[in-house]
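Taking it in order: structure first as structure tokens, then the write-up.
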Amino acid sequence: SQTIHQWPATLVQPVGSPLSLECTVEGTSNPNLYWYRQAAGRGLQLLFYSVGIGQISSEVPQNLSASRPQDRQFILSSKKLLLSDSGFYLCAWSHRGRNTEAFFGQGTRLTVV
Amino acid sequence: AQKITQTQPGMFVQEKEAVTLDCTYDTSDPSYGLFWYKQPSSGEMIFLIYQGSYDQQNATEGRYSLNFQKARKSANLVISASQLGDSAMYFCAMRHRPQGSNYQLIWGAGTKLIIKP
């Protein structure tokens, strides 16, 4: 069966520090991969999605970047965090080319102080 | 433009009663999919139910059913016999495919459902 792992679960980082959130998927190949951000009490905002290794589409210009070094690995990064980067970050995957649901990781609650 | 609207920011429902969560959508795509997700306080997003735009019958999954009214562009979630564990945020989402791009999910703002004992 397919599983998705996202870590860390919580993170407190000072302003100006770098960020690296990692997400891996097991039990499937060639997945679509997504990074979402959720502000407190709000809906989800798509940040990045990827249809293959090295193929990243950015939905919202911002202080963040994403990379996909391996088929089932998706990394969210920042060189210098801002206070506004605080939020709940969710990684998700879906089957390639099928109109099916997305499966989510447990999420990372990031607080920039 | 594609859009999902959930007009109920919060709802209180007595345990064991049925509850309907509203979702309306706007799209110009002839083919699309509609999803409902549950997000408990732990933060995990849990898939509940899916409705394809060409599906003839309303989707059902256990206590969840989707009241799909295509002409009105609504896809309301119905939870029968609500339980305390149903208390959570509920999100409606729509899958569409921008031209030259891959499938993406568009999300509503969510409805916070609280089940009262």
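Letters go in sequence order (proteins before strands), and every chain restarts at 1. In this text the structure is predicted, and so the values were computed from the model without any measurement.
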Does some side-chain heavy atom of B:Y37 sit less than 4.5 Å from a side-chain heavy atom of A:F104?
-> yes
Check: B:M45 and A:L90 side chains under 4.5 Å, non-hydrogen atoms = yes
Are a donor atom and an acceptor atom from the side chains of B:Y64 and B:S80 found within less than 3.5 Å of each other?
-> no
Is it true that the side chains of A:S78 and A:N63 contain a donor and an acceptor less than 3.5 Å apart?
-> yes
Is it the backbone or the side chain of B:Q39 that comes under 4.5 Å from a heavy atom of chain A, or both, or neither?
-> side chain
In terms of heavy-atom proximity below 4.5 Å to chain B, should A:Q38 be classed as side chain, backbone, both, or neither?
-> side chain
Region of A:L44 that comes under 4.5 Å of a non-hydrogen atom in chain B | both
